[in-house]
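A short worksheet on the structure shown next.
Residue indices begin at 1 and follow the sequence shown. Note that these values count all heavy atoms, side chains included, but never hydrogens, waters or copies made by symmetry. In this text the structure is predicted, and so the values were computed from the model without any measurement.
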Amino acid sequence: MAQDLDNREVRADESSFMERFVDTSLHPAENHRFAALKIAAYVILFLLFVVLNALVGSVSALDFLVPFRGVFSLVQLMLSILIVQSQSMKGFYAVIVVSVLQIVATIVAMVRFEDTFALNGLATTILSVIIVGIILAYNRRVAHEIERVASKTEELEQANTDLKKREEETKRQNTLLKEYNRAMKENEERLYQMNHFDTVTGLPNRVKITDRMDLLISILSNKNMPFALIYVDLDNFKTINDSMGHKVGDMVLQSAASRLTSSIDQEDMIGRWGGDEFAIIVQRQFSDEDMLNYVENLRDTLSKPFSIEESEYTVTASFGVSFFPQDGTTSAELIKCAETAMYKAKEYGKNMVQFFRKEMKDDIMRKMKYESKLLSSIKNRELYLAFQPQFDMKERKLRGFEALCRWNSERFGEVPPTEFIPVAESVGFIVPLGEWVLETACLTLNRIKETYNWDGIMSVNISAVQLMSPMFLQSVKRIIQKTGVDTKNLEFEVTESVMVSNVDYAVKVLKEISAMGITVALDDFGTGYSSLNYLQQLPINVLKIDKSFVDELPIKNAQRLMVGSIIGLVHQMKIKVVAEGVDDRRQLDILTKYQCDFVQGNIWGCPILENEVGVLFETKPV
């Protein structure tokens, strides 16, 4: 094996030598190396054979070489060919020179020695020159072709290099294109996510919900198959969001979304419609009773307190339900009907479920007409206060007044508070309305005190939205300073709903109110979110028993026992009691028996205007 390798290397070296010697076009640098030496060697060898050829014909001692004279000529021809191949034109010139010399020598030999064989050598020499010339011409043509091919080869190599560069550039561009396509796909996914899903809760947004409803409508329209839309609105979310900030608000939304998602059926779809509103598509067969039970379960799920950042927030929700196709045949109609039912649930006291009924639309349209006029009611001086007196039962004298807001609209006439107060809350007008009521009540209190030399109480209702507003305390201080009212004559009535959103914050605000010298009364006790536990948490001075308890005192023993127990309990807590809605003597006698402190009702005084209060100081209730 090693010997074979050595032989191949030797042959490769020999071949390389022959190529370098013969084919100068392959190794142009070899053309000029030792050129003179090669030509000189050629000339000497050629002439040596010329002389030897001449001597063979003339010297008898060399007659044994006569048979080889043709060989000498062939060797000369080979030498000529080699020198031309090796040195090109220089070699050719050398061949011409030596050939001329040979011709001269041949002619001399023919003349002097009468060597007839020399004539053959003369022909051979001339033929050799011709052959060498042909070879030279052929070599020059081959060299030209080689140069042309080399040029083409360089061009092809350059083209190949350019092609490789373009291929690399194409690969780079393909890589960039792939990155661009991947980025575009990611952007499309993000854009789809943004367009179809809520960023806070991760739930489908109104676009996705609407698309799903439109799809269901297109599929079910010809099959007479129903589906339902549940519209959910968190009742007191705005209070939390305004008082505690958007961070806590977003966390409440996320928790509410999580609870609803885990409580709905797997076949149903839930999404965030916007703000504090959610929509649930129920695409199953169901009865009205089944649907009511289903929604009530969702309502119970949301009513449990949320623990967020070491604080508890109680959030309730109002639910409105509409059905396809009976309530609407388009997604817009179904949403509007469900929203209308939801607002009716809020009107009935919140934390309720309402199915859409066609008469609800009339109520909503009427309230929508109130909105624009109500917002300008303060500027147009359409609002005024009525004052319902409260009396001390033991001393039979006037304790104070509860300020009641009234709206006498230029367009709608006298609008009941039960209609315009919910509108004020829904359009965000309740805070400026509450500030106007407080300031007006304070000014009225000052005038009554001065006119009648009276040192009683002016009780003002404070909504949960007002109380939870970050600017509430500042607003109260500003109004007190502006009106100069004595805070010992002020009483703020709050309902138990203030405890729903944030107990700790509500308690903090009420304590600051108490620190100003303002009396705090818990209104409507026994309704809504009633809990005796609130009596321990809230810094209240007065408890007002709701009219619904008072109404049934004469006819229900259970009501009498309950009212008597409440009065006895709060008296032990040093809290005074006001009974609302006392309209007849039987109620008054029962409350007197249970030692109720104050009464408010038509039996001793209906709501009156400021210019009518004088009569209350002239008479004593009996």
Side-chain angles (χ1 to χ4, degrees), residues 196-198 200-201 203-217 220 226-238 241 252-253 255-265 267-284 286 288 290-303 315-365 367-368 422-423 425-427:
H196 293 83
F197 292 87
D198 176 52
V200 176
T201 63
L203 295 177
N205 60 14
R206 68 169 62 196
V207 175
K208 187 77 171 175
I209 297 168
T210 303
D211 289 345
R212 176 63 65 85
M213 283 194 291
D214 291 339
L215 177 62
L216 287 174
I217 290 171
L220 302 179
F227 72 89
L229 177 69
I230 304 172
Y231 196 94
V232 186
D233 185 277
L234 304 183
D235 290 326
N236 54 323
F237 175 75
K238 187 177 187 304
N241 209 37
V252 170
L253 284 176
S255 299
S258 178
R259 284 194 188 177
L260 288 172
T261 302
S262 61
S263 300
I264 65 172
D265 192 271
E267 297 181 9
D268 300 342
M269 176 182 179
I270 182 172
R272 184 184 178 197
W273 187 254
D276 57 352
E277 300 159 341
F278 298 88
I280 302 171
I281 300 175
V282 183
Q283 48 198 54
R284 294 172 284 114
F286 42 76
D288 288 350
D290 291 338
M291 178 58 66
L292 179 60
N293 292 333
Y294 181 58
V295 180
E296 284 288 353
N297 180 61
L298 297 178
R299 186 180 67 83
D300 292 340
T301 299
L302 280 181
S303 64
V315 177
T316 61
S318 297
F319 293 77
V321 184
S322 63
F323 297 91
F324 171 85
Q326 67 187 60
D327 296 328
T329 55
T330 66
S331 57
E333 290 176 351
L334 291 172
I335 281 290
K336 188 62 181 176
C337 291
E339 187 179 19
T340 299
M342 180 273 296
Y343 279 120
K344 182 60 68 172
K346 284 186 177 293
E347 181 182 334
Y348 288 156
K350 302 180 181 180
N351 193 27
M352 295 182 67
V353 178
Q354 284 291 310
F355 288 8
F356 175 77
R357 300 189 308 276
K358 294 190 180 298
E359 57 267 24
M360 290 180 179
K361 284 186 178 179
D362 298 334
D363 294 340
I364 296 298
M365 294 302 297
K367 289 182 179 178
M368 288 177 63
V423 176
E425 290 179 341
S426 64
V427 299

Would you mind reporting whether Arg206 and Ile335 have side-chain heavy atoms less than 4.5 Å apart?
-> no
Does Ser258 use its side chain to pair, donor to acceptor, with the backbone of Ser255 at less than 3.5 Å?
-> no
Is there side-chain contact between Leu302 and Val232, with heavy atoms separated by less than 4.5 Å?
-> yes
Residue set satisfying side chain to side chain donor-acceptor pair (under 3.5 Å) with Ser322, at least two apart, ordered chain then number -> none
How many angstroms lie between CG in Asp288 and CG in Asn293, if you round to the nearest 0.5 Å?
-> 11.0 Å
Hey, what do you get for CG (Leu229) to NZ (Lys336), rounding to the nearest 0.5 Å?
-> 13.5 Å
Check whether any side-chain heavy atom of Asp327 sits under 4.5 Å from a side-chain heavy atom of Phe355, and report yes or no.
-> no
Any sub-3.5 Å donor-acceptor pair from Arg259's side-chain atoms to Ser262's backbone N or O?
-> no
Can a cation-pi geometry be assigned to Arg212 and Phe227, taking NZ or CZ under 6.0 Å from the six-membered ring centre and within 45° of the ring axis?
-> no
Please examine the side chains of Phe323 and Met291, heavy atoms only from C-beta on, and report whether any two atoms are closer than 4.5 Å.
-> yes
Specify the closest pair of heavy atoms between Ala341 and Val321, including all atoms of both residues, with the distance to one decimal.
-> CB-N, 3.9 Å
Result for salt bridge (Lys or Arg N to Asp or Glu O under 4.0 Å) between Asp235 and one of Lys346, Arg299, Lys350 points to Lys346
For Met213 and Ser331, work out which heavy atoms get closest and say how close.
-> CE-CB, 3.8 Å
Taking atom CG of Leu216 and atom CD of Gln283, what is their separation to the nearest 0.5 Å?
-> 5.0 Å
Could you go step by step and tell me if Asp276 and Lys238 meet the side-chain contact (heavy atoms from CB on, under 4.5 Å) rule?
-> CA-CA 8 Å; Asp276 57 352; Lys238 187 177 187 304; 5.5 Å; no
Taking the side chain as C-beta and beyond, is there a heavy-atom pair between Asp198 and Trp273 under 4.5 Å?
-> no
Can you measure from CE (Met342) to CZ (Phe319) and round to the nearest 0.5 angstrom?
-> 11.0 Å
Minimal heavy-atom distance between Met360 and Gln354, with the atoms involved, is CE-OE1, 3.6 Å
For Glu296 and Val353, the nearest pair of non-hydrogen atoms, with its separation, is OE2-CG2, 3.9 Å
Measure the OG1-CD distance between Thr340 and Glu359 for me, rounded to the nearest 0.5 Å.
-> 11.5 Å
With side chains defined as the heavy atoms from C-beta onward, is the minimum distance between Ile270 and Leu203 less than 4.5 Å?
-> yes
Heavy-atom closest pair (Lys358 atom, Gln326 atom, distance to 0.1 Å) is NZ-O, 3.9 Å
Where the side chain of Asn205 meets the backbone of Lys208, is there a donor-acceptor pair that is under 3.5 Å apart?
-> yes
Are Leu298 and Ile280 side-chain neighbours, meaning at least one heavy-atom pair lies under 4.5 Å?
-> yes
Check the pair Leu253 / Phe278 against side-chain contact (heavy atoms from CB on, under 4.5 Å), numbers first and verdict last.
-> CA-CA 10 Å; Leu253 284 176; Phe278 298 88; 4.2 Å; yes
Spacing of CZ belonging to Phe237 relative to OG1 belonging to Thr316, to within rounding of 0.5 Å | 13.0 Å
Tyr294 side chain reached by Asp268 side chain, heavy atoms, under 4.5 Å = yes
Compare every heavy atom of Ser263 with every heavy atom of Thr301, then report the nearest pair and how far apart it is.
-> CG2-OG, 3.3 Å
Trace of the side chain to side chain donor-acceptor pair (under 3.5 Å) decision for Ser318 with Asp233 = CA-CA 5 Å; Ser318 297; Asp233 185 277; over 6 Å; no
